[in-house]
Amino acid sequence: QVQLVESGGGLVQAGDSLRVSCTMSGRAFSSYTMGWFRQAPGKEREFVAAIIWRTYYADSVKGRFAISRGSAKNTVYLQMESLKSEDTAVYYCAAGQVAPAVIDSPGNYNYWGQGTQVTVSQ
């Protein structure tokens, strides 16, 4: 089956930047929607960003985060700018055949990575 692997997480200070990456392997459709979600301790997993034919962002990260695909289309990046303490979470990448209208729903994605920790200190 399809496998997703995240990388690039770490510890940064508030106001800093960080880029996390996700690489997909195995048999997959080139038209798969690729998404980023995050989950903080004691909270539910929430939508961050996604890309298929265009990009989509949660209101909380709009203007600060940018999602993009690599040239081979098997890699997706999340560039995070002006990080805040509330951005601290485990960040997960996901893939699936997801319609734009429900692109922010975790249950609509078939494949998930193991996550990468992003910690923002004050």
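Worth saying up front: this structure is predicted, and the values here are computed from it rather than measured.
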- Message: Is it the case that atom CD in E44 sees more than 12 heavy atoms from other parts of the structure closer than 6.0 Å?
- Response: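 It does not: E44 CD has 12 such atoms or fewer within range.
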Who are the side chain to side chain contact (heavy atoms under 4.5 Å, CB included) partners of [X], not counting sequence neighbours?
X: Q117; answer: T88, V90, T119
X: S25; answer: Q3
X: R64; answer: V61, S82, K84, D87

Can you give each donor-acceptor pair under 3.5 Å made by side-chain atoms of residues 4-23, sequence neighbours left out, with the distance rounded to 0.1 Å?
residue : atom : partner : partner atom : Å
E6      : OE1  : Q114    : N            : 3.0
E6      : OE1  : G115    : N            : 2.8
E6      : OE2  : C93     : N            : 2.9
E6      : OE2  : G115    : N            : 3.1
D16     : OD2  : Q13     : N            : 3.2
S17     : OG   : E81     : OE1          : 2.2

- Which pairs pass ring-ring contact (aromatic ring centres under 6.0 Å, His included) with one or both residues in residues 51-75, sequence neighbours excluded?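 Qualifying pairs: none.
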- Contact list for residues 73-119, test ring-ring contact (aromatic ring centres under 6.0 Å, His included), sequence neighbours left out: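 Residue pairs with at least one partner in residues 73-119: F37-Y109, F37-W112.
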With a 4.5 Å cut-off on side-chain heavy atoms, are [Y] and [X] touching?
X: V118; Y: M80; value: yes
X: I67; Y: V76; value: yes
X: M24; Y: T75; value: no
X: R45; Y: R38; value: no

- Message: Rounded at 0.5 Å granularity, tell me how far OG1 in T55 sits from CZ in R69.
- Response: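 T55 atom OG1 to R69 atom CZ measures 11.5 Å (nearest 0.5 Å).
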- Transitively linked via ILVMFWY side-chain contacts under 4.5 Å: W36 with Y32? yes
- Sequence neighbours excluded, every pair satisfying disulfide bond (SG atoms under 2.5 Å apart) that has a member inside residues 55-92: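 Applying disulfide bond (SG atoms under 2.5 Å apart) to every pair that reaches into residues 55-92, excluding sequence neighbours, yields nothing.
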- Qualifying salt bridge (Lys or Arg N to Asp or Glu O under 4.0 Å) pairs with a residue from residues 101-122, counting only residues at least two apart or across chains: none
